[in-house]
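For reference, the structure discussed in these notes is given below.
Just so we're clear, the structure is a prediction, and the values are computed from it rather than from any experiment. Note that ligands are numbered from 1 as they come in the structure, with each ligand's atoms numbered from 1 the same way.
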Amino acid sequence: MEWLIEQAGLQHIYKKVKDRQRLNREDGVTLYQSNHLLALGFLANLVQERLNDNKVYYVYNQHINYSNICINGCLFCAFSKKKGSPLAYEMGLDDIAQRVKDKVNEPIREIHIVGGINPDLPLSYYVSMLKTIKQIRPNVHLKAFTPVEIAHIAKMSKISVEKTLMILKEAGLNSLPGGGAEVFSPRVRKALCPKKLSSQGWLAVTRCAHNLGIPTNATMLYGHIETYEERVDHLLSLRKVQDETGGFLCFIPLPFHPHNTKLSHLKEPTGMDALKNLAISRLLLDNIPHIKAYWVGLTPKLAQIGLSFGADDLDGTIIEEKITHTAGAKSPYGLSKDELIRFIKDAGRIPVERDALYHEV
Ligand code: V47
Ligand code: SF4
């Protein structure tokens, strides 16, 4: 493999990876500028196998998007609707309970709950939602509300983020999903999502959750107007928080889907870019244990290839997803456990069913 690395001119980075030395900003930009995909994959795979052997994780999970009403109107989002729009919806607690009951005979271990930044729903709605679900499925892990939703609920309730998280934890919240991070660059945020919680705000909610013993995930939405440098800075900001708290479970690079968004003139990122993002996040985020190839955004086939480019997790069965599909994703709405296992085995990996905290089940 030395010849591959030499051909790519990545000897200095290879040496660092072999010696378990941390890569820096310049290394990150060099990796993004490289089109030697197999060399990037080789390097990422070294780290992946060091951390997770030959294992690839999946989870039996369910998504619930409780409301698409959102006051932020991010330009890259096709899911959100303004209040009063004919396509706007807000699920009542009965409706949410019914969705959970409908699947009660399936061995679901994690429910992933997110929604828009809804101007009306009070803290009591979120508390009752968590409690209602836990009554129906006491052992399920509730991965709910991005840092953006948490900051909004706190602001609406006129209480601190810390108090909000404590109340929600008491009601059954187990972890936070990684959404809302987008790209931390102030330039990108100002252009695409000026109303959204700032990067500093996102990182502050995350730190607070970690300090309360609530693990979280992190994402990066790529393939719109961001530069390579901005991607690297995003990853390094996450790495810094992880050094301080150790609370991130997993990182998920999310490819932008332009369909039905205010950025529909942009082209979606290519397969090459998707694999580069998986590989480079594995290499730069040396302290985050898992990298997820989210099959919904990537398609199952590309996510499967991602398992040779640094990813060790395929997410899960999902059952019904709205955010990426409204933006034109061509992937199925759900995958069966057997299909997930087949994709993983066919990639030469060992499928491992996990719970939300990556314990093997
Ligand atoms: O925050 C919005 C992104 C995120 C589009 O934590 C879009 O395990 C693509 O965070 N094209 C929500 N993406 C999804 C998310 C997530 C997904 C899977 C697993 C986990 C986890 C988290 O979706 C949003 C935003 O960054 N998004 N619009 C779009 N047009
Ligand atoms: Fe609202 Fe989230 Fe969509 Fe932004 S990405 S418009 S915050 S639902």
Interatomic distance, [X] atom [atom1] to [Y] atom [atom2] [nearest 0.5 angstrom]:
X      : Y      : atom1 : atom2 : result
Thr317 : Asp338 : OG1   : CG    : 11.5 Å
Ser80  : Asn118 : OG    : CG    : 11.5 Å
Lys55  : Glu49  : NZ    : CD    : 13.0 Å
Leu284 : Asp27  : CG    : CG    : 8.0 Å
Leu130 : Lys134 : CG    : NZ    : 8.0 Å

- Note on the structure: Arg189 and Val183 have their tightest heavy-atom pair at NH1-O, 3.3 Å
Report, in ascending order of atom number, the atoms of ligand 1 lying under 4.0 Å from any heavy atom of [X].
X      : result
Asp315 : 19 (C)
Ile252 : 6 (O), 8 (O), 20 (C), 21 (C)
Asn217 : 6 (O), 8 (O), 21 (C)
Thr219 : 10 (O)
Pro177 : 6 (O)

Could you name the option among [options] that has the heavy atom nearest to [atom]?
atom                    : options                       : result
atom 17 (C) of ligand 1 : Tyr222, Phe79, Tyr294         : Tyr294
atom 8 (O) of ligand 1  : Glu110, His63, His290, Lys143 : Lys143
atom 13 (N) of ligand 1 : Asp313, Val59, Leu221, Thr324 : Leu221
atom 3 (C) of ligand 1  : Val148, Val183, Leu254        : Leu254

Per-residue contact class, [X] against ligand 1 - non-hydrogen pairs under 4.0 Å:
X      : result
Pro255 : backbone
Val114 : neither
Thr146 : neither
Phe76  : both
Ala327 : side chain

Please list the nearest protein heavy atom to [atom] with its residue and the distance rounded to 0.1 Å.
atom                    : result
atom 26 (O) of ligand 1 : Glu182 OE1, 2.4 Å
atom 6 (O) of ligand 1  : Gly178 N, 2.8 Å
atom 22 (C) of ligand 1 : His112 CE1, 3.6 Å
atom 11 (N) of ligand 1 : His257 N, 3.0 Å
atom 10 (O) of ligand 1 : Gly179 CA, 3.0 Å
atom 12 (C) of ligand 1 : Ile323 CD1, 4.0 Å

- Message: Is there a polar contact between ligand 1 and Cys77, counting only N or O atoms under 3.5 Å apart?
- Response: no
Tell me whether [X] contacts the main-chain N or O of [Y] through its side chain, where contact means a donor paired with an acceptor under 3.5 Å.
X      : Y      : answer
Asn72  : Cys74  : no
Asp19  : Gln21  : no
Lys276 : Ser34  : yes
Thr326 : Lys322 : yes

- Query: Should the pair Tyr333 and His325 be assigned to parallel (<30°), tilted (30 to 60°) or perpendicular (>60°) ring geometry?
  - Reply: parallel
- Trp202 vs Phe184 aromatic rings, parallel, tilted or perpendicular, using cut-offs 30° and 60°? tilted
If you take the centroid of each ring, where Trp contributes its six-membered ring, are [Y] and [X] closer together than 6.0 Å?
X      : Y      : result
Phe248 : His210 : yes
His290 : Phe251 : no
Phe42  : Tyr14  : yes

- Message: Less than 3.5 Å apart, any donor N or O on the side chain of Glu339 or Ser336 sitting next to an acceptor on the other?
- Response: yes
- Item | Protein N/O/S count near atom 4 (Fe) of ligand 2 (criterion: distance under 2.8 Å) | 1
- Task: Check the pair Glu149, Thr146 against side chain to side chain donor-acceptor pair (under 3.5 Å), reporting the backbone distance first and the verdict last.
- Result: CA-CA 5 Å; Glu149 288 162 279; Thr146 66; 3.2 Å; yes
- Message: If the contact criterion is a heavy-atom separation under 4.0 Å, does Gly180 count as touching ligand 1?
- Response: yes
